[in-house]
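Below: one structure, written as structure tokens.
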Amino acid sequence: MYQRATMSHIQPFEIDLYGRSFGVLIAADQIQERVADLASQIRSDYAGRQLVVLCVLNGAFRFAADLCSHLNDSTEVVFTKVHSYEGMLSSGLVQEQLPVSSQLAGKHVLIVEDIVDTGTTLKFVMERVYQQAPASVRVATLLFKPDALLKPLQLDYVGFEIPNRFVVGYGLDYDGQGRCLNALYVLKEE
Ligand code: IMP
């Protein structure tokens, strides 16, 4: 018996999406190590407390899944889906496609985002969460672009700070493509 190598084991150094070139920014094993570190910090911070993870779709689906694989068995997971990016730019407007679950009152909520860019999406989601009077709210984001942030926001767990450049992979997309890549890729200067 043997196991065939599949596409998911391959980590190309460079990729092409819609005719644009991207190079590796953060390797897959570096992402996994950092996610495990964040999860261990979260486990210790929430020891003895029931945690609800709020995964912000679509981009955070992989980060949230990998994070949860290291968290306590009693962790609850809920979802919201918002949309603000068009192509490679923030539209500045947030469309709520799946509202935040209405069961957060009195709970300890951890909002899980793929990336905080201008901060518009996170601010919108936080307002929705606070409306339900949770016991506490914290934010975990895999990526943070400090140079793009428009409004100050409290980020409790940050995977990586990155330059203000467009990235894809590990859940993040360019017009629907790139989410399945295991590493993170940055658009090459054109
Ligand atoms: P913000 O509202 O400007 O902070 O943008 C947040 C959302 O825009 C993220 O949840 C992503 O879906 C998307 N986004 C921001 N920067 C990037 C990027 O570099 N690549 C792909 N999507 C991004």
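Atoms within a ligand are numbered from 1 in the order they appear, just like the ligands themselves.
Between the side chains of Tyr170 and Asp66, at least one donor N or O lies within less than 3.5 Å of an accepting N or O. Looking only at atom types and distance, the side chain of Ser84 has no donor-acceptor partner in the side chain of Thr120 under 3.5 Å away.
When only non-hydrogen protein atoms are considered, atom 5 (O) of ligand 1 lies nearest to Asp117 CB, 3.6 Å. Closest protein heavy atom to atom 8 (O) of ligand 1: Tyr85 CD1, 3.0 Å. Nearest protein heavy-atom contact of atom 21 (C) of ligand 1 is Val167 O, 3.3 Å. Annotation: atom 6 (C) of ligand 1 to nearest protein heavy atom, Thr121 OG1, 3.5 Å. If you check which protein heavy atom lies closest to atom 22 (N) of ligand 1, you get Leu172 CD2, 3.9 Å. Looking only at heavy atoms of the protein, atom 10 (O) of ligand 1 is closest to Asp114 OD1, 2.8 Å.
A cation-pi geometry, defined here as NZ or CZ lying under 6.0 Å from the six-membered ring centre and within 45° of its normal, holds between Arg138 and Tyr46.
Of all heavy-atom pairs between Met126 and Val139, the closest is CE-CG2, 4.0 Å.
Residue Val168 places no heavy atom under 4.0 Å from ligand 1.
Between Ser21 and Glu14, the closest side-chain pair of non-hydrogen atoms falls below 4.5 Å.
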